[in-house]
Every structure is written in C-alpha cells, then in structure tokens.
Number of protein chains: 2
Amino acid sequence: MAFQSELEVFRKFLKNQGMRYTPEREAIIKEIFSIHDHFDVDGLYISMRRKGLRVSKASIYRLIPLLIEANLIAEVFFDKGQTYYEHIYGHEHHCHLRCKECNKIEEFSDPRLKDLEKELSERFGYKILTHKLQVIGICSKCQAKEDSA
Amino acid sequence: MAFQSELEVFRKFLKNQGMRYTPEREAIIKEIFSIHDHFDVDGLYISMRRKGLRVSKASIYRLIPLLIEANLIAEVFFDKGQTYYEHIYGHEHHCHLRCKECNKIEEFSDPRLKDLEKELSERFGYKILTHKLQVIGICSKCQAKEDSA
DNA sequence: AAAGAAATTGTAACTCAGTATCAATAAGCC
DNA sequence: GGCTTATTGATACTGAGTTACAATTTCTTT
C-alpha cells in the first residue's frame, strides 16, 4: 500500500468512528505536522494564533486523544508537569536522551530494547505494547559551563 | 561506613544546607519510609490523618523536593497527571513494567541499560546521570479478561 | 537558660493545565 | 434541501501543586 498522508489516515480514522472532518481539525493537524519537533498544546495554540488561524484551545485538547488513538502522535513526558507530543506516524520508535540543565533532547534507538521486551514478556507473562526510555544527563556544553563556574 | 538510617542521612543533609529538623518533617519521613511501595502525596496525607498525625499538605509538598535532592526518594510517572514517588536510598536502581489496564507494576533491572548509558555517553558527549525506563503492556490476568470479553 | 535571627509551619489565596457544560453551529447522510 | 447528531467556542469548573504571610519554632550565641 502506498504511503498515506497523516490527513488521509486521520480522515479514515474519523469515518470509521462515525466522527466528522471539520476545518478546525484540519487546521490543527496541518499545523501539528508542519512542526518537525516535539510540541505542546500551548505552543501550538500560540503559533496558530500568530498565523491568524482561530481555533479554541478546547478543540486542540479534544483533538489530541484522537490523534493518539489513530497512532499519529504520542505523548512524551520530559519533566514533571510538562506534556509534549511527537509525531510517530512514519517514524521509527525511538528513545530520548535529555540534558538536565538545558533540556536539549537527542533521539536514539537501540535493538537491545526489543530483546528486553521479549524477555520481560516471557518472564512476567505480559503482552508488551511499547516502552518509554528516557536517559538523563548533562550535555557537553552544560558540562563545560559547570566546570568553568 | 555503617548503614545510616534515612532519618540520619536527612538530618545531615539538612544541617549541610542550614535547614532545620522539625517534628513535622520527622513525622512525614517516618511515614514515607514505613510505606514499602510507591506512594503519592494525597495517599500519604490521608494515611497520616488517619493516624492522627496532623501535618499540612503544604509541608509534604515542601519536603518532597528535599528528599529527592538528598537522594532518598525519586519521582516515578506511571501515567499522565499522576505523580508517584519511591524509595531509592538503599535500593538498586530499577525499571517498571506496567499493565495498561490495571496499572499493576512489576519491577526489574537489566545490566544492558548500563552498557547503553555508556555508549550514549560516548556517542553524544553527555555525562549520564540516570535513566527511566517504563515498559507498558497487558498483564496475564487482563489478557484473559480481554479474551473472554 | 534566655534572646534573637532566621527557617518553618498552617491557612488560605492563587496558578495553571486540562475537563465539562451547554447553546449555537455545521458536517454528512438521506 | 432537510434532518440528525457531532463539533465548536465560551465559560465555568476541577485538582495538583505553589505562594504569601502572620504566627510559631528551631538553633546558635551568649
């Protein structure tokens, strides 16, 4: 099957669920997939307003769980109280390495985690769905700052 | 050096920081370390009230960051919006396997994660501090329920 | 042991992300 | 085009966590 755009995938998802495709949803999705980085609701709302796209925050908050259910985006929690999202449709599963000081994020993936999943599945009798690994450290720039301080 | 109790460690920590040891702090810490499981602020507060220990929630909220800084406890996020804590003093670092349905938690640790940390450190130039791995799946009981449903 | 500086407490007000309510509107099926 | 029902935006609300502040307590100094 040919690659379908996020919009196509989502239209089908909505139809399946008896839900409706609206200009507001389209605008939000287009905005989300024009950002090639992690995003949050507030940032999304502000950047849409700047472009004159008027949708309410409530609509964004209402749309996000649908996009998650449709496997287009996923939640990422970098730190307490801040919720971010990232695209997952058409992306490899990956993990995050975060600098504790400046919050810079590096992405990586590692085949050993698949092996680990398999072993855990056998050991505990779980059906494994996914994993979230966050490695926390200090990036080289911030290390340099600390040393000179 | 002999094993120091959590209370001893914390008293030293407070002294180092020019902070004071109060009956409220003592009561909260004793309560925390009498729980041998993950805990949250609300649960802690309720169980202290039940025992007639009267401390304000504000004091609990104020104490927790200190216990984290003293490396006695750590935050664990099982799911959006719920903050839990666990003891880490005198415990091996471990990761969590969580059932998406019933939220049951299994703990495990794996030496490969240390190797991974080392590789990431070299590859990205980070000084690695820690990692948090959460594996999400469906436990055997919940799988059985789903099958029969 | 008393005094005094400074930290801590509890209460209550506040913040902020996210949710629920509801009347007005619009999508999608006939 | 008309009708059913989902969706929207505005607004009110919720709940976790924080902050301000006056009263109290710790801890150091004498």
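In this text the structure is predicted, and so the values were computed from the model without any measurement.
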(message) Strictly under 4.0 angstrom, non-hydrogen atoms only: write out the protein contact profile of nucleotides 9-20 of chain D, one letter per nucleotide from the 5' end, B, S or -.
(response) B------SBB-B
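If you take CD1 of B:Ile29 and P of C:dT8, they are 12 Å apart, rounded to a whole angstrom. Summarising the geometry, the separation between CZ on A:Arg20 and C1' on D:dC3 is reported as 10 Å, rounded to the nearest angstrom. Atom pair A:Leu63:CG and C:dT19:P shows a separation of 13 Å (rounding to whole Å applied). The OH atom of A:Tyr84 sits 13 Å away from the C1' atom of C:dA17 (whole-angstrom rounding). If you take CD1 of B:Ile64 and P of C:dT8, they are 16 Å apart, rounded to a whole angstrom. At whole-Å resolution of the value, OH in A:Tyr45 and C1' in C:dA17 are 14 Å apart. Residue B:Leu53 contributes atom CG, which lies 12 Å from atom P of C:dG10 at whole-angstrom precision. One atom, OH of A:Tyr21, and another, C1' of D:dT8, lie 16 Å apart when rounded to the nearest Å.
Between A:Thr22 and D:dA6 there is no side-chain N or O to OP1 or OP2 distance below 4.0 Å.
No hydrogens or angles considered: nothing links the side chains of A:Thr83 and A:Glu75 as a donor-acceptor pair under 3.5 Å. B:Arg25 and B:Tyr21 share no donor-acceptor pair across their side chains, judged by distance under 3.5 Å alone. Counting only N and O atoms by type, the side chains of B:Glu86 and B:His94 include a donor and acceptor under 3.5 Å apart.
Note on the helix from C:dA1-D:dT30 to C:dC30-D:dG1: angle between the axes of the first and last five pairs equals 40°, rounded to 10 degrees.
Of all heavy-atom pairs spanning B:Phe10 and B:Ala70, the tightest one is CD1-CB, 4.2 Å.
Remark: A:Lys100 NZ is loosely packed, at most 12 non-hydrogen atoms of other residues, nucleotides or ligands lying under 6.0 Å away.
The aromatic rings of A:His87 and A:His36 lie perpendicular to each other, with more than 60° between the two planes, well past the 30° mark. Note: A:His38 and A:His96 have perpendicular aromatic rings, judged against thresholds of 30 and 60 degrees for the angle between ring planes. Note on ring orientation: taking the six-membered ring where Trp is involved, the planes of B:His93 and B:His131 are perpendicular (angle over 60°, cut-offs 30° and 60°).
Following chains of ILVMFWY side-chain contacts shorter than 4.5 Å, one cannot reach A:Ile105 starting from A:Phe77, and the two form parts of different hydrophobic clusters.
Candidate nucleotides C:dG28, D:dA6, C:dT8 were compared by shortest atom distance to the side chain of A:Met19, and D:dA6 ranks first.
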